[in-house]
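Order of the sequence lines fixes the chain letters, A, B, ..., with proteins taken first and strands second; residue numbering starts at 1 for each chain.
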Amino acid sequence: MAMLGSVLHLSPMMLTTSTSRPTKATTSSPIKPLKHCKTIEELKMFHRSLTKQGLDNEFSAITKLVARSCELGTRESLNFARKVFDLSEENGESYGSCFMYNSLIRGYASSGLRNEALLLFLQMMFCGVSPDKYTFPFVLNACTKTRASRNGIQVHGLIVKMDYAKDMFVQNSLVHFYAECGELDCARKVFDKMSERNVVSWTSMICGYARRDLAKDAVDLFFEMRSSEDVKPNSVTMVCVISACAKLEDLEMGERVYAFICSSGIEVNDLMISALVDMYMKCNANDTAKRLFDQYDGARNLDLCNAMASNYVRQGLTKEAIGVLNVMMDSGVRPDRISLLSAISSCSLERNVLWGKSCHGYVLRNGLENWDNICNSLIDMYMKCGRQDSAFRIFDGMSNKTVVTWNSIVAGYIENGEVDAAWETFKTMPERNIVSWNTIIGGLVQASMFEEAIEVFQSMQSQDGVKADGVTMMSIASACGYLGALDLAKWIYYYIEKSGIQLEVRLGTTLVDMFSRCGDPESAMSIFNSLKNRDVSAWTVAIGAMAMAGKAKQAIELFNEMIKQGLKPDGIVFVGVLTACSHGGLVQQGKEIFNSMEKLHGVVPEDVHYGCMVDLLGRAGLLKEALHLIKNMPLEPNDVIWNSLLAACRGQGNVEMAAYAAERIQVMAPERTGSYILLSNVYASAGRWNDVAKVRLSMKEKGLRKPPGTSLVEIQGRTHEFTSGDESHPEMPKIEAMLYEINHLGHVPDLGNVLMDVDEQEKIFMLSRHSEKLAMAFGLISSKKGTTIRIVKNLRVCSDCHSFAKLASKVYNREIILRDNNRFHFIIQGKCSCNDFW
DNA sequence: ATAGGGTTAG
């Protein structure tokens with residue numbers, strides 16, 4: 001992208017402004033008074049003049065010099081302050097005063113030198129200098145953000161012992177310290193005990209909640225604050241409250257808060273605008289955010305641009321993110337490391353290593369390569385772009401590898417389909433958090449390794465310190481859906497409720513889909529009905545659930561209800577509704593809905609929708625009409641559409657049209673195995689064995705093989721897999737006896753399902769080894785009487801197995817639920833929900 | 001003196 005190139009080609013002028021200050025001191029310049037000293041040179045000069053005047057032991061002068069040096073806050077000035085301080089101690093008469101210690105401790109703490117601050121505090125205690133009420137806030141500040149919160153707790157003990165625990169400023173600092181360490185309960189305890197609170201007390205507590213995942217508590221506390229008359233919120237408070245609203249994605253609350261700010265006369269500063277823009281964008285109100293952005297001349301404001309860019313990235317709008325940063329640069333503002341994080345993320349999402357490299361170049365030229373976040377981001381980008389060598393070069397150079405660094409590597413491997421490498425890394429990495437687990441579990445699901453995903457999830461349970469969250473459960477639920485394991489599904493639902501994982505729409509939708517795929521449409525619908533904020537994809541899944549269960553009418557009702565609630569249907573919903581009509585044989589309704597797509601809803605039918613219509617017409621026996629539709633559709637019919645026609649021909653036994661359709665498919669998609677099988681099916685049913693042989697030969701020539709049929713059956717929470725013709729199951733003799741029993745209860749084999757020209761006995765035998773029959777027989781002998789048997793098959797169910805299942809359901813009084821690659825068969829008392837039509 | 005938005009991995 002040309003625009004991003006300008007990241008690369010920033011003029012050297014821009015790179016040297018604003019960060020580096022001119023430090024040149026002219027020897028001729030007069031000594032400035034302390035408060036006007038702005039550079040280390042000026043301070044040194046001041047110190048020299050003190051020495052010259054013999055005042056370098058003069059207590060108040062030295063104290064002031066140290067304080068001023070600390071105020072400047074650079075490493076150099078702090079070192080200088082320390083030198084002067086140490087000298088004054090050596091000179092002996094007076095030990096460093098409490099005030100000097102305070103200055104230095106504050107300086108160290110606020111420039112991140114926390115250890116130095118704490119060591120100096122210890123020295124102070126050791127030398128017998130009593131800390132005062134000013135010391136403790138500085139020391140506590142040094143204790144926050146370190147992993148070792150123990151220090152702060154010890155300091156708290158000291159505070160109590162020295163009787164400073166009732167000082168408001170000290171208490172405020174304690175609240176802040178505990179909140180920063182994530183100990184919100186401790187923070188609140190201190191807060192509640194305070195006899196007097198000022199705006200900082202309230203703000204510290206509110207901010208503590210907002211920064212954790214307790215944004216609701218933050219907002220509640222803000223309202224509590226407003227009802228206590230003596231303290232008024234200020235702009236710092238409001239920034240915290242707005243960020244809490246952003247976290248909650250609560251637009252209504254956010255706007256209420258904004259209105260309050262406007263009416264209360266609280267100063268609106270840049271930080272507040274940034275927070276507001278962030279809030280609007282987190283609530284997906286991009287337009288409002290953009291208006292504010294423009295109103296405050298956002299392009300000239302680094303923070304505003306960063307807020308916009310990071311949110312665009314989060315929304316996947318990478319072009320917009322880069323656009324904002326470019327506009328910002330055009331107005332002369334240099335991107336900082338936060339901007340770079342957004343830029344690099346965009347490259348990563350776009351899988352654009354060229355842009356990524358240009359960002360990397362900018363990072364190197366501007367000395368940003370020591371920021372861990374930047375490195376992690378670059379590693380992620382290179383891994384996602386398939387440049388593992390570049391990723392590892394950065395990785396190897398990092399001294400502070402965190403769990404995020406490792407997670408980026410694992411995710412990168414997953415992205416490139418290297419599940420084994422991902423697993424090896426995952427196993428050996430030094431620390432794992434919930435994201436690590438989610439990455440590997442999600443990766444296994446993506447690779448269709450569903451059982452493995454669930455195993456890993458189970459081993460996660462026994463790990464300390466990790467708790468499954470909504471993301472984990474989405475992966476696990478979708479794995480379970482693929483397996484069609486209802487007992488597992490129920491357990492997953494129970495687990496989510498028990499562990500208090502929030503059932504928001506996305507997770508809820510996954511659960512609806514899971515139950516639907518496990519053949520439990522009732523549970524699916526009851527969860528769907530309980531969901532708040534249902535979006536189009538939630539409705540789509542519910543409609544699909546009804547379609548799969550053969551409940552066409554309910555599917556249409558749901559669709560109408562969705563429209564009534566003002567949601568705009570997309571192409572995917574129509575696939576669901578039309579499929580439902582097709583399975584339910586609702587030809588007229590199907591046609592009406594199809595015709596309404598563009599006219600009423602502005603959704604242009606795509607090839608899948610034509611496929612649905614061909615399917616609908618074909619199943620209803622209207623083969624000619626189906627063919628007519630194909631020939632007159634505005635799009636070029638693809639293999640999927642012809643395959644729908646072919647499948648319909650199989651159902652209707654129309655050999656000629658089947659051959660015609662199959663020919664088309666083989667031109668367009670010669671590797672589509674299913675079409676050969678369907679065609680041979682049609683020929684076999686018609687007894688045209690020569691043609692069956694021809695199809696078989698042409699498959700062989702192309703190196704295609706019929707994928708083996710496999711069926712899963714879940715018995716007492718364990719999934720058993722059967723493959724067609726496989727007799728290796730340990731219970732095979734019992735399974736065989738069961739099959740024999742049913743065959744002799746009056747099952748008439750449907751020999752058209754055997755695609756080989758062998759004698760009748762051989763055909764009957766081959767039929768009896770279909771995977772779904774093996775699974776069914778095993779289910780019958782290994783589950784309790786009266787319980788439902790659930791089978792998941794990878795291919796379409798054969799008609800012989802279908803009638804076999806119907807007979808079994810009646811004789812043994814069992815409900816059999818059979819899911820094939822297309823739909824569900826709920827078989828009760830000899831009847832199937834598909835009305836023998838699939 | 002004490003409090004502040006935007007921050008990488010799923």
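A/N172 and A/S204 form no side-chain donor-acceptor contact under 3.5 Å, judged by distance and modelled atom types alone.
At whole-Å resolution of the value, CG in A/L368 and P in B/dT7 are 17 Å apart. For A/N269 and B/dA3, the CG to C1' distance is 13 Å, given to the nearest whole Å. Atom CD1 of A/I414 is separated from atom P of B/dA9 by 16 Å (rounded to the nearest Å). In this entry the distance linking CZ of A/R106 with C1' of B/dA1 reads 7 Å, nearest Å. A/I206 has its CD1 atom 19 Å from the P atom of B/dT2, to the nearest Å. B/dG5 atom C1' lies 14 Å from atom CE of A/M281, rounded to whole Å. Atom CE in A/M398 sits about 14 Å away from atom P in B/dT8, given to the nearest Å. Between the CD1 atom of A/I441 and the P atom of B/dA9 there is a distance of 19 Å, rounded to whole Å.
Among the heavy atoms of the strands, none lies under 4.0 Å from A/F136.
Side-chain proximity of A/S310 to the nucleotides B/dA1, B/dT7, B/dG5 is greatest for B/dT7. Nearest nucleotide to the side chain of A/T203, out of B/dG4, B/dA3, B/dT7: B/dA3. Comparing B/dG5, B/dT8, B/dA1 by their nearest atom to the side chain of A/V239 picks out B/dG5. Listed nucleotides B/dG5, B/dT2, B/dA9 differ in distance to A/A411; the shortest reach to its side chain belongs to B/dA9. In this structure, the nucleotide among B/dG5, B/dA1, B/dA3 sitting nearest to the side chain of A/L271 is B/dG5.
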Next on the checklist: Pair A/F293, A/Y280 - check ring pair (Phe, Tyr, Trp, His ring centres under 6.0 Å), show working.
Outcome noted: CA-CA 11 Å; A/F293 180 86; A/Y280 279 119; over 10 Å; no

Item to check | ring pair (Phe, Tyr, Trp, His ring centres under 6.0 Å) between A/H156 and A/F177, intermediate numbers included | outcome: CA-CA 10 Å; A/H156 190 177; A/F177 159 71; 8.3 Å; no

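Of the side-chain N and O atoms in A/H176, one or more sit less than 4.0 angstrom from OP1 or OP2 of B/dA3. Residue A/R211 places at least one side-chain N or O under 4.0 Å from the OP1 or OP2 atom of B/dG5.
The aromatic rings of A/F392 and A/Y413 sit tilted, their planes meeting at an angle between 30° and 60°.
Evaluation of A/F169 against the base of B/dA1 yields a stacking contact (centre distance < 5.5 Å, interplanar angle < 30°).
Atom CG in A/D167 sits 9.0 Å away from atom CE in A/M194 (nearest 0.5 Å).
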